[in-house]
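Contents: one structure, followed by commentary.
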Amino acid sequence: MPEGHTIHRLARDQRRDLAGHLVRASSPQGRFAVGAADLDGRVLLGTEARGKHLFHHYEGSRLLYVHLGLIGKFHRDRLDEPARLGEVRLRLEGRAMRWDLTGPMRCDLIAVTEYEQIVSDLGPDPLRRGARAADFVTRLRRKRAPVAAALLDQTVIAGIGNVYRSELLFLRGIHPARPAATLDEDEAHQLWDEAVAQLRLGLRLNRIVTISAEDRYGRAAGRVPAGERLYVYQRAGLPCRRCGAPIERAVLGARKVWWCPIDQPLRA
DNA sequence: TACATATGATCAT
DNA sequence: TGATCCTATGTAA
């Protein structure tokens, strides 16, 4: 479930579990055997999330880079629980917890130059302190592409994925096919503010819940049942939770996008 | 058992 | 735009 909130949550949780101590590293599946052997026995100094990119800084200037991609996943278990079966590319064990990584798009030791390149290619990250809304507004409004495609462009905003792009556009009442350049400054700023609020909530809950307080009938956000957490994502043909109109679906930016035809009119 | 699908991104055409 | 990579899961056959 990797959008930006997931990666920031992983950075935080792994820092708490593993940082400041010697870490045992291995690659049960074998495809990261050399890198894991290099890391094994080193102290984790810190972790860092940048959009969907995760970094671990180890002593000896070792830099671990993980990008989960579509299907990558970290599994967290206690050391006294049995190790999970499956294709574990990287296993990290601290004093009490074990983190198993499966299916990542990238899992590599990288040079600082590559790290700097990755970071400098990213747009502002709404979960990062000091990220500038104005930076996002400028980058977004330069794009001629549909706003739904621009939101998946990590050089425009770092950390948005296919769920949040549909949900954010619904929340701001913006039709996904509108060219990004047609958004006025207020609309773009509000889209940024919505992204900050929603990703912060997702980080806290460790899951995506965009439905507003008034639409969840007093239930706490963390208690919203699965299937009632989102407004439009994967709800094609189902009634809009606000107005009842059937949710529509199309492919934009090579991915499916969902929207409400009434609450997100095409006109500006 | 096979296939489709998935919250991602890159590369070839 | 389509093929490709990584893995797990749910549904169909």
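Just so it is clear: chains get the letters A, B, ... in the order the sequence lines come, proteins before strands, and each one is counted from 1. Values below: every heavy atom of this structure, side chains too, minus hydrogens, waters and symmetry copies.
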For [X], which contact category applies under a 4.0 Å heavy-atom criterion: base, sugar-phosphate, or nothing?
X	value
A:G161	sugar-phosphate
A:Q234	sugar-phosphate
A:R31	sugar-phosphate

Using whole Å, what does the distance between atom [atom2] of nucleotide [N] and atom [atom1] of [X] come to?
X	N	atom1	atom2	answer
A:L54	B:dG8	CG	P	16 Å
A:R165	B:dA6	CZ	C1'	14 Å
A:I71	C:dG10	CD1	C1'	15 Å
A:L152	B:dA9	CG	P	8 Å
A:L68	C:dC6	CG	P	16 Å
A:I208	B:dA6	CD1	C1'	12 Å
A:E3	B:dT7	CD	C1'	4 Å
A:L70	C:dC6	CG	P	14 Å

| Of the listed nucleotides C:dA8, B:dT7, C:dC6, the one nearest the side chain of A:T102 |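 Selected nucleotide: C:dA8.
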| query | Which one, C:dT7, B:dT7, B:dA9, comes nearest to the side chain of A:E87? | reply |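 My answer, after comparing the listed nucleotides, is C:dT7.
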OP1 or OP2 of [N] under 4.0 Å from side-chain N/O of [X]:
X	N	result
A:H67	B:dG8	no
A:R89	C:dC6	no
A:Q29	C:dT7	yes
A:Y233	B:dT7	yes
A:K52	B:dA9	yes
A:Q154	B:dA9	yes
A:R255	B:dT7	yes
A:K256	B:dT5	no

Inter-nucleotide [atom1] distance ([N], [M]), Å rounded:
N	M	atom1	result
B:dT13	C:dC5	P	14 Å
B:dT7	C:dT1	C1'	22 Å
C:dA3	B:dT5	P	14 Å
C:dT4	B:dC3	P	16 Å

Sub-4.5 Å side-chain heavy-atom contact between [X] and [Y]:
X	Y	answer
A:F55	A:I118	yes
A:F74	A:Q14	yes
A:I7	A:H53	no

| Is the distance between the ring centroids of A:Y164 and A:H5 under 6.0 Å? |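 So the answer is yes for these two rings.
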| said: Does A:R242 qualify as a cation-pi partner of A:Y231, given the criterion of NZ or CZ under 6.0 Å from the six-membered ring centre and within 45 degrees of its axis? | reply: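 Yes, cation above the ring, under 6.0 Å and within 45°.
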| request: Name the pairing partner of B:dT13, where a pair is Watson-Crick or G-U wobble with both distances under 3.5 Å, or state none. | output: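 Its partner is none (no Watson-Crick or G-U wobble pair with both distances under 3.5 Å).
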| Identity of whatever pairs with B:dT7 - Watson-Crick or G-U, under 3.5 angstrom |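 Checking every strand shown, B:dT7 finds no partner, since no pair has both distances under 3.5 Å.
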| field | A:E48 and A:R50 ion-paired at < 4.0 Å | value |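 Salt bridge present between A:E48 and A:R50.
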| Of all heavy-atom pairs between A:I157 and A:P126, which one has the smallest distance, and what is that distance? |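 Heavy atoms of A:I157 and A:P126 come nearest at CG1-CD, 3.8 Å.
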